Trainee: 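Before we start, here is the structure in question, set down as structure tokens.
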Amino acid sequence: MRLTKALRTDQEIIARFVSALGGGSVALSNSKLPRPDFFIRAHTFIKEYIEEGFFKKEGFLTKVLEDGGFPADTGPISALRNDQKKSHDAAEAMLNSAKQWQAGDEAARSETGWGTSEFTSSIRQHLERLKSLIIPLIEQTISVDEEHKISDAINSMVFEGDLKNGAEKYIKLIEELEEKLSDWK
């Protein structure tokens, strides 16, 4: 339970972001108003908050599973890493096509929508897997004292760059995206 608490805030922030980004994807398919800068800006959140922050915290979970005897190339560890790779690849596809679209390639507009849809789908699946499979598995694998130690380690992680100042920058970025979405309605 303590481990769930240690990750809850990040998961809630990511869920809010995914909701905004998903809204951008829907708007992209229903309107001419969305612009590529929305998706390029969204990639900043993905890169810095999710990949350099949240996935780094998941490293503790991977370590616990490895120490618990789970193989690195199959099972839950492999699932976590595959989810991370899939979401990274989809985010990069979204970014690259949004940049092409911004440079005048109108065909890249639909590719941006596809990459966005792939990313939101994969990260939602990843968050659900954490909640329903990985965390319960870890809680069965370790003692309550070990869980407290891991939770404390996650909560006291030191980050570089903008993440060392907390989530405020990223919450503001989500608010910017939500504001753009409201302009498109």
Side-chain angles (χ1 to χ4, degrees), residues 1-22 24-25 39 42-98 110-164 167 170 174:
M1 185 61 133
R2 186 160 163 89
L3 192 52
T4 302
K5 269 184 160 178
L7 298 172
R8 181 177 299 139
T9 300
D10 287 325
Q11 289 174 317
E12 289 171 354
I13 291 170
I14 292 169
R16 182 177 173 192
F17 167 76
V18 169
S19 178
L21 184 58
S25 181
F39 302 94
H43 188 270
T44 300
F45 181 93
I46 296 167
K47 179 77 174 144
E48 295 177 10
Y49 193 87
I50 296 174
E51 293 181 354
E52 294 174 1
F54 189 69
F55 287 172
K56 186 176 179 182
K57 290 179 181 181
E58 287 181 355
F60 283 103
L61 307 181
T62 302
K63 176 85 171 96
V64 170
L65 292 169
E66 286 176 349
D67 292 349
F70 289 94
D73 56 348
T74 62
I77 296 172
S78 176
L80 275 176
R81 290 181 177 150
N82 288 339
D83 286 350
Q84 291 173 351
K85 182 176 180 346
K86 185 176 180 182
S87 66
H88 171 79
D89 291 348
E92 289 302 306
M94 177 191 75
L95 175 66
N96 292 334
S97 58
S110 62
E111 292 172 28
T112 302
W114 175 256
T116 302
S117 177
E118 283 291 303
F119 173 79
T120 57
S121 175
S122 65
I123 201 70
R124 281 185 180 119
Q125 179 182 22
H126 181 72
L127 293 174
E128 182 57 33
R129 185 186 319 271
L130 279 173
K131 183 176 108 181
S132 64
L133 177 66
I134 303 298
I135 300 296
L137 190 59
I138 288 173
E139 289 172 344
Q140 294 171 12
T141 305
I142 61 175
S143 70
V144 173
D145 288 340
E146 290 172 312
E147 186 180 346
H148 286 287
K149 288 177 187 175
I150 294 165
S151 297
D152 290 342
I154 287 172
N155 288 329
S156 63
M157 282 184 74
V158 177
F159 292 99
E160 297 176 9
D162 290 327
L163 273 173
K164 70 180 174 189
Y170 302 99
I174 294 168

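Quantities reported herein were computed from a predicted structural model and do not represent experimental measurements.
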Trainee: Among residues at least two apart in sequence or on other chains, which ones pass side-chain hydrogen bond (donor to acceptor under 3.5 Å, both in side chains) with Arg16?
Mentor: Glu178

Trainee: Can you list everything that forms a side-chain hydrogen bond (donor to acceptor under 3.5 Å, both in side chains) with Glu118? Sequence neighbours excluded, please.
Mentor: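 Partners of Glu118 under the side-chain hydrogen bond (donor to acceptor under 3.5 Å, both in side chains) test: none.
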
Trainee: Rounded at 0.5 Å granularity, tell me how far CD1 in Ile14 sits from CG in Leu21.
Mentor: 12.5 Å

Trainee: Applying side-chain hydrogen bond (donor to acceptor under 3.5 Å, both in side chains), name anything that partners Asn96, two or more places apart in sequence or on another chain.
Mentor: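 Not a single residue meets the side-chain hydrogen bond (donor to acceptor under 3.5 Å, both in side chains) criterion with Asn96.
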
Trainee: Mind checking side-chain contact (heavy atoms from CB on, under 4.5 Å) for Ala93 and listing every partner two or more places apart, or none if nothing turns up?
Mentor: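 Partners of Ala93 under the side-chain contact (heavy atoms from CB on, under 4.5 Å) test: none.
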
Trainee: If the condition is side-chain hydrogen bond (donor to acceptor under 3.5 Å, both in side chains), which residues does Lys47 pass it with, not counting sequence neighbours?
Mentor: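 side-chain hydrogen bond (donor to acceptor under 3.5 Å, both in side chains) list for Lys47, sorted by chain: empty.
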
Trainee: What's the shortest heavy-atom distance between Glu146 and Ser143, and which atoms?
Mentor: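 Distance-wise, the nearest heavy atoms are OE1-N, 2.8 Å.
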
Trainee: Only pairs at least two apart or in different chains count here, so list each ring pair (Phe, Tyr, Trp, His ring centres under 6.0 Å) that has a residue in residues 116-140.
Mentor: Phe55-His126

Trainee: Nearest 0.5 Å please: distance from the NE2 atom of His88 over to the CD1 atom of Ile50.
Mentor: 12.5 Å

Trainee: Does Thr120 use its side chain to pair, donor to acceptor, with the backbone of Val18 at less than 3.5 Å?
Mentor: no

Trainee: If the condition is side-chain contact (heavy atoms from CB on, under 4.5 Å), which residues does Thr44 pass it with, not counting sequence neighbours?
Mentor: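 Result, side-chain contact (heavy atoms from CB on, under 4.5 Å) vs Thr44: Arg41, Glu48, Leu173.
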
Trainee: Distance-only check: which donor-acceptor pairs under 3.5 Å involve side-chain atoms of residues 63-75, not counting sequence neighbours?
Mentor:
from  : atom 1 : to    : atom 2 : distance (Å)
Lys63 : NZ     : Asp67 : OD1    : 2.9
Lys63 : NZ     : Asp67 : OD2    : 3.1
Glu66 : OE2    : Arg81 : NH2    : 3.2

Trainee: Just jot down the salt bridge (Lys or Arg N to Asp or Glu O under 4.0 Å) partners of Glu51, sequence neighbours excluded, or say none.
Mentor: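 So Glu51 forms no salt bridge (Lys or Arg N to Asp or Glu O under 4.0 Å) with any residue.
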
Trainee: For Arg129, give me all partners under side-chain contact (heavy atoms from CB on, under 4.5 Å), at least two apart in sequence or on another chain.
Mentor: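 Per chain and number, Arg129 pairs via side-chain contact (heavy atoms from CB on, under 4.5 Å) with Ala79, Asp83, Gln125, Leu133, Ile134.
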
Trainee: Would you say that Ile123 contacts Ile46 through its side chain, given a criterion of any heavy-atom pair below 4.5 Å between the two side chains?
Mentor: no

Trainee: A side-chain contact here means heavy atoms from C-beta on lying under 4.5 Å apart; do Leu130 and Leu61 qualify?
Mentor: yes

Trainee: Nearest 0.5 Å please: distance from the CD1 atom of Ile154 over to the NZ atom of Lys5.
Mentor: 14.0 Å

Trainee: Go through the structure and list residues passing ring pair (Phe, Tyr, Trp, His ring centres under 6.0 Å) with Phe39, not counting sequence neighbours.
Mentor: none

Trainee: What's the separation between atom CG in Asp145 and atom CD1 in Ile150, rounded to the nearest 0.5 Å?
Mentor: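 The CD1 atom of Ile150 is 11.0 Å from CG of Asp145, to the nearest 0.5 Å.
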
Trainee: Applying salt bridge (Lys or Arg N to Asp or Glu O under 4.0 Å), name anything that partners Lys149, two or more places apart in sequence or on another chain.
Mentor: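 With neighbours one apart ignored, the set is empty.
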
Trainee: Would you check if there is a donor-acceptor pair between the side chains of Ser122 and Ser87 at a distance under 3.5 Å?
Mentor: no

Trainee: Quick one: pull up OG1 in Thr116 and CD in Glu111 and give me the separation to the nearest 0.5 Å.
Mentor: 11.5 Å

Trainee: Which of these, Phe17, Phe54, Tyr49, sits in a ring-ring contact (aromatic ring centres under 6.0 Å, His included) with Tyr170?
Mentor: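 In the set Phe17, Phe54, Tyr49, the residue that makes a ring-ring contact (aromatic ring centres under 6.0 Å, His included) with Tyr170 is Tyr49.
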
Trainee: Ile13 and Ile174: which non-hydrogen atoms are nearest, and at how many Å?
Mentor: O-CD1, 3.6 Å

Trainee: On a heavy-atom basis, which atom in Thr112 and which in Ala98 lie closest, and how many Å separate them?
Mentor: OG1-N, 3.2 Å

